[in-house]
Amino acid sequence: MQRPRDSAADLKALQAAFGRTVRSVTADDADLQLLAGSDEVTRFGEQIDVYRNNAWQFFLTALERTYPVTQRRVGADFFRQLARDYRVQHPSQRGDLHWIGAAFPAWLASRMAGTGYEWLADLARLEWACEASVAAARHDPVGLESLRRFDADVLPHLVLMLQPSLQLVASPYPIWSVWQSNQHEEAPSPVDLDTGAEHCVVACVAERVAVYRLDEPDHRLLRHLCAGMSLAAASENAATDAATLGRLLGWAFGEGLVVQVVRATPA
Amino acid sequence: MRAGIGLRSQHHEAILSTASLPAWLEAHTENYFHAGGPAVRALERARSRYPLSLHGVGLGLGSADPIDRRHLECVRDAVRRFEPGLVSEHACWGHVDGEHFNDLLPLPYTEEAVEHLAARVREVQDFLGRQILIENLSAYVTFASSQLSEGEFLAAVVERSGCGLLLDVNNAYVNASNLGLDLDAFFGALPRHAIREIHLAGHARRRVGSRELLIDDHGSAVCDGVWALYEDVLRRFGAVPTLIEWDNDVPPLATLLAEATRADQRLERCSAAAA
């Protein structure tokens, strides 16, 4: 075996040159010289295109899988352009493709600001909530009867432990309606974007993503319950009445979203 | 000894009800990093029926930058959760300066790269508390700085890290076509005792620039040339657990099982000849 020629810095320099070449449309001559040597520059410059194409396709495919409705709404060509621009600012940071789209909604909000298409960023937030929900742990739900083991005077002090997959998304735009109308192969029915705000809950129940639309008071109350407040504290902070609480509890238990009921720890 | 197949999401349901059982399953480690989801649930159910190996594609062991500890912890958690018989990674790098390319990128075959990869393999084995296998890559470029052959490179990494080898016969075939790899010298350099798994897969032909390359796309049946090379590998190394990989344009489960049967027939002939 020959004496080592490279230092540790050489491996890093080679990988950095390779990375720059894969990232860019055209290769830098100095990088190609470092990678291929003078005799093989032309062939190397052509064949590294396999890696350039792979890196882009893996990135694009991961984004398309996470944001199918956003892609459908903007069209495949414009989505591809968005993906290229997003990748420049947010290249993949993990070896797990799941995370490629994590910063996309916030990036899209910045990109769409002032264009009249701000709702697209909220739609993307809803799709990222679906992605996060699928990846979350599942726990066996408990039913409404779990409240019966507590005395009536304790009920206001109870805290609901909710499914880890539960995600809340609110928007001034009808994003639930847009998402819902794009869940089938056939052309989506048009959604009037002036119909106003929608408040969504995403959860995974029985291995299927469910996206619910709640009234604003229910959504506000659920947000406080998700924060770990007792039933009484959540109602007070959300400024909602007993009827709202009763309705929300019936829905949450009925959908299998409550996994445990515990008594609030005294402050 | 019988062949296994790669578990893909398209077959999550069918694999639990098929009458023609594969001998074992291999799953991509990164698909099972999360606490929940249908893939995790499916693997939990499949694990109760089949021996399993976990095959990582995202760790980028040979990257000059530090190992992504979050990723490594996820690998460890998946290994603890699913208790696979084999754990494998690739002899590759994948990230530099904070950017991941989510691909299996080739290393230069240098003494420095041997030392670096062997150190990384030892780090991972220490962290996981078990031996891992590393797989030879399909590659489309070679580096001017390479001083060793691919076989010498892998043998040196095995010697210095104590890892095993996952020998991908299709990758060797692709490298012979694309890069002029001397297959006889390649197989001759590999330490027989270290080869603990074999991969078989399909490849595509694609024009890239002025040349037609074989692209290791795992999107078709194993070609006749790779079957012939597999027979040669079995004659050299004896019967080794073999896996059919098919990741793109995934066919019905029955097609994968038929491919596994073709590998079984060759494994049986190899075992009979050795008896």
Side-chain angles (χ1 to χ4, degrees), chain A residues 1-20 22-23 33-51 53-55 58-59 62 91-100 132-139 164-165 204 207-208, chain B residues 29-31 33-42 56-60 62-65 68 70-72 74 93-108 110-116 139-145 147-148 152 156 178-179 206 208-211 213 215:
Chain A
M1 191 172 291
Q2 297 177 33
R3 186 174 178 277
R5 193 183 70 184
D6 299 324
S7 68
D10 286 341
L11 184 61
K12 172 67 189 250
L14 180 141
Q15 292 181 355
F18 195 102
R20 283 191 296 273
V22 167
R23 202 179 297 123
Q33 289 279 345
L34 172 68
L35 295 165
S38 54
D39 295 342
E40 294 289 341
V41 161
T42 302
R43 179 196 275 205
F44 194 104
E46 286 179 353
Q47 295 186 190
I48 201 170
D49 204 44
V50 175
Y51 298 102
N53 186 55
N54 280 352
F58 289 143
F59 189 93
S92 177
Q93 303 285 301
R94 306 276 283 265
D96 175 4
L97 292 165
H98 165 79
W99 297 103
I100 278 179
S133 185
V134 168
R138 315 283 195 272
H139 296 311
S165 67
C204 259
E207 297 304 341
R208 294 181 62 84
Chain B
T29 318
E30 283 75 9
N31 290 342
F33 272 6
H34 303 286
V40 168
R41 195 60 60 90
V57 295
L59 193 53
S63 300
D65 286 350
D68 182 340
R70 294 170 303 187
H71 195 107
L72 185 55
C74 288
W93 68 282
H95 56 97
V96 65
D97 295 331
E99 177 171 0
H100 285 251
F101 295 95
N102 302 107
D103 196 4
L104 308 170
L105 303 179
L107 286 161
T110 62
E111 172 62 23
E112 176 217 2
V114 167
E115 198 52 47
H116 178 72
Y140 307 98
V141 295
T142 55
F143 296 103
S145 54
Q147 304 154 321
L148 308 171
E152 290 170 334
N178 292 342
L179 307 174
R206 190 185 307 159
V208 178
S210 57
R211 295 190 67 213
L213 296 182
I215 304 294

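Residues satisfying the side chain to side chain contact (heavy atoms under 4.5 Å, CB included) criterion with B:Asn31, sequence neighbours excluded, are B:His28. For B:Phe101, there are no ring pair (Phe, Tyr, Trp, His ring centres under 6.0 Å) partners two or more places apart in sequence or in a different chain.
The parts of B:Asn102 that come within reach of chain A are both its backbone and its side chain, each placing non-hydrogen atoms under 4.5 angstrom from that chain. With a 4.5 angstrom heavy-atom cutoff, A:Phe58 touches chain B only via side-chain atoms. Of the atoms belonging to B:Leu104, it is backbone heavy atoms, and not side-chain ones, that fall under 4.5 Å from chain A. Contact of A:Ala16 with chain B is made through backbone and side chain together, with heavy-atom distances under 4.5 Å. Looking at A:Arg43, the atoms closer than 4.5 Å to chain B (heavy atoms on both sides) all sit in the side chain, from C-beta outward.
Residues B:Ser145 and A:Leu14 come closest through the heavy atom pair OG-CD1, 3.7 Å. The shortest non-hydrogen separation linking A:Arg138 to B:Pro38 is NH2-CD, 4.3 Å. For the pair B:Pro106 and A:Phe18, the tightest heavy-atom approach, listed with the atom from each and the gap, is CD-CZ, 4.1 Å.
In this structure, the separation between CD on A:Gln15 and CG on B:Asp97 is 9.5 Å, given to the nearest 0.5 Å.
Listed options B:Arg41, B:Glu115, B:Glu30 were ranked by heavy-atom pairs under 4.5 angstrom with chain A; first place goes to B:Arg41.
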